[in-house]
2 protein chains.
Amino acid sequence: MRADARRNRERILDAAEEVFAHHGTSASTEEVARLAGVAIGTVFRHFPTKDDLLAAILKRLLARLAEDAATLGGADGLHVFFRRLVAQSAAKRTVVDLAGVSVPAAVGGLDEAVGELLRQAQAAGTVRGDVRRPEVMALLVCVCQGALQGGWDVELQERTLAVIFAGLAA
Amino acid sequence: MRADARRNRERILDAAEEVFAHHGTSASTEEVARLAGVAIGTVFRHFPTKDDLLAAILKRLLARLAEDAATLGGADGLHVFFRRLVAQSAAKRTVVDLAGVSVPAAVGGLDEAVGELLRQAQAAGTVRGDVRRPEVMALLVCVCQGALQGGWDVELQERTLAVIFAGLAA
DNA sequence: TTGGAAAATGAGTCGCGACTCATTATCGTA
DNA sequence: TACGATAATGAGTCGCGACTCATTTTCCAA
């Protein structure tokens, strides 16, 4: 792959993330090209369809989340991860809008990373033992969606998470 | 309003609910007209824009939910309502997709109905006293979103709701 | 340097879906 | 019934956005 091609690919991904974060996935590919500073054809050379582009940024986002999760741990690592995710979702439409794009959630090891956080929290006694990974993942998804849609303020976010944390601990 | 106009208006609303429930709000207005058995122009006579149509069915849905909530009560009325809402959401895209359409949540008294359920649950000791309505509403929205997107099976739904119920009770 | 392969360009095509409006049909009243 | 007002019809307009491709530009290896 030529140097300029690699550079443009990155620019396009960055631009796409920015544009879709603000305007949702319904934003046009042309807007992405404009922000990336390339012609529309270049975008389609790298990503033959819009869905390919969406899948690419989703993959990057999930990988980043998994990486982020991997740096956490201990008694309240899971709680911290919940809060970070909610904060991100409220600001960016992207992840949430991507329901339609089919990228297995397992990509990037997010499932595993969250599983590890759960295990550590349980070991520390912060979360009770009979809670399993699937419902934790489900709650993460729920909360992201809700935070984005509801336009939560900080207080509502805290109160809502408090209920969930209590439910995990009880 | 003429009799045929009133009849068609109802047909269109029913058709729209059906179509948007299955295919999301991106389904075309023409599809709605086809199912309603009227011409496309008739739809636009009753609802000048697609958003007007969406707002109308959202209003109906919220009113119905509030009505439903009003029939419940007692110690676990709130829990029952949670379950019903999740079950509906998983089957229908409509409510969830309507984030964009601006209809105050207060419409139809859903807020009040849920507030009443909360009060009764707290009186019965099923829910602890310091939980307030906003976070309950937020959790309801979250769970609807999540259930739709995640394609929850019955077990996952139960386990996820169990965490939330525990958090409300703890 | 330079030749040619790889990449970028951007005006143009295409299909789709929201919305219009001249015409036709239907209702309800006198 | 007759007739005017109200409503229904559906082919057509319009804009938008995904995607194409002939042409031009850029890279890099020999």
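In what follows, chains carry the letters A, B, and so on, assigned in the order in which the sequence lines appear, proteins first and then strands, with residues in each chain numbered from 1.
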Trainee: With a 4.0 Å cut-off on heavy atoms, is B/Ala36 in touch with a base, just the backbone sugar-phosphate, or nothing at all?
Mentor: nothing

Trainee: Can you check the A/Phe44 CZ to D/dC19 P distance for me, whole Å?
Mentor: 5 Å

Trainee: What is the distance from CG of B/Leu54 to C1' of C/dG17, rounded to the nearest Å?
Mentor: 14 Å

Trainee: Taking any heavy-atom pair under 4.0 Å as a contact, classify B/Ala27: base, sugar-phosphate, or nothing.
Mentor: sugar-phosphate

Trainee: Can you see which heavy atom on A/His79 is nearest to which on A/Thr126, and at what distance?
Mentor: CE1-CG2, 3.3 Å

Trainee: Considering only D/dA18, D/dA8, C/dA8, which nucleotide approaches the side chain of B/Arg45 most closely?
Mentor: D/dA8

Trainee: Where is the tightest heavy-atom contact between A/Ser89 and A/Leu148, given as atom of each residue plus distance?
Mentor: O-CD1, 3.5 Å

Trainee: For the pair made of CZ in A/Phe47 and P in C/dA7, what is the distance, rounded to whole Å?
Mentor: 13 Å

Trainee: Starting at CZ of A/Arg11 and ending at C1' of C/dA8, how long is that distance when rounded to a whole Å?
Mentor: 12 Å

Trainee: Taking atom P of D/dT26 as reference, at what distance in whole Å does atom CG of A/Asn8 sit?
Mentor: 12 Å

Trainee: Search all heavy atoms of A/Ala170 against all heavy atoms of B/Ala166 and return the closest pair with its distance.
Mentor: CB-CB, 4.3 Å

Trainee: Verify the contact: side-chain N or O of A/His46 to OP1 or OP2 of C/dA8, cut-off strictly under 4.0 Å; return yes or no.
Mentor: yes

Trainee: Rounded to whole angstroms, how far apart are CD on A/Glu10 and P on C/dA8?
Mentor: 13 Å

Trainee: Report the distance from atom CG of B/Leu53 to atom C1' of C/dC19, rounded to the nearest whole Å.
Mentor: 13 Å

Trainee: Reading nucleotides 25-30 of chain C from the 5' end, what letters show protein touch, with B for base, S for backbone sugar-phosphate only, - for no heavy atom under 4.0 Å?
Mentor: -BSS--

Trainee: Identify the heavy atoms of B/Leu110 and B/Leu62 that sit nearest to each other, and give their distance.
Mentor: CD2-CD2, 3.9 Å

Trainee: Using a cut-off of 4.0 Å between protein heavy atoms and nucleotide atoms, how would you tag nucleotides 10-15 of chain D 5' to 3' with B, S and -?
Mentor: BB----

Trainee: Can you tell me the distance, in whole Å, between the CD atom of B/Glu31 and the C1' atom of C/dC16?
Mentor: 14 Å

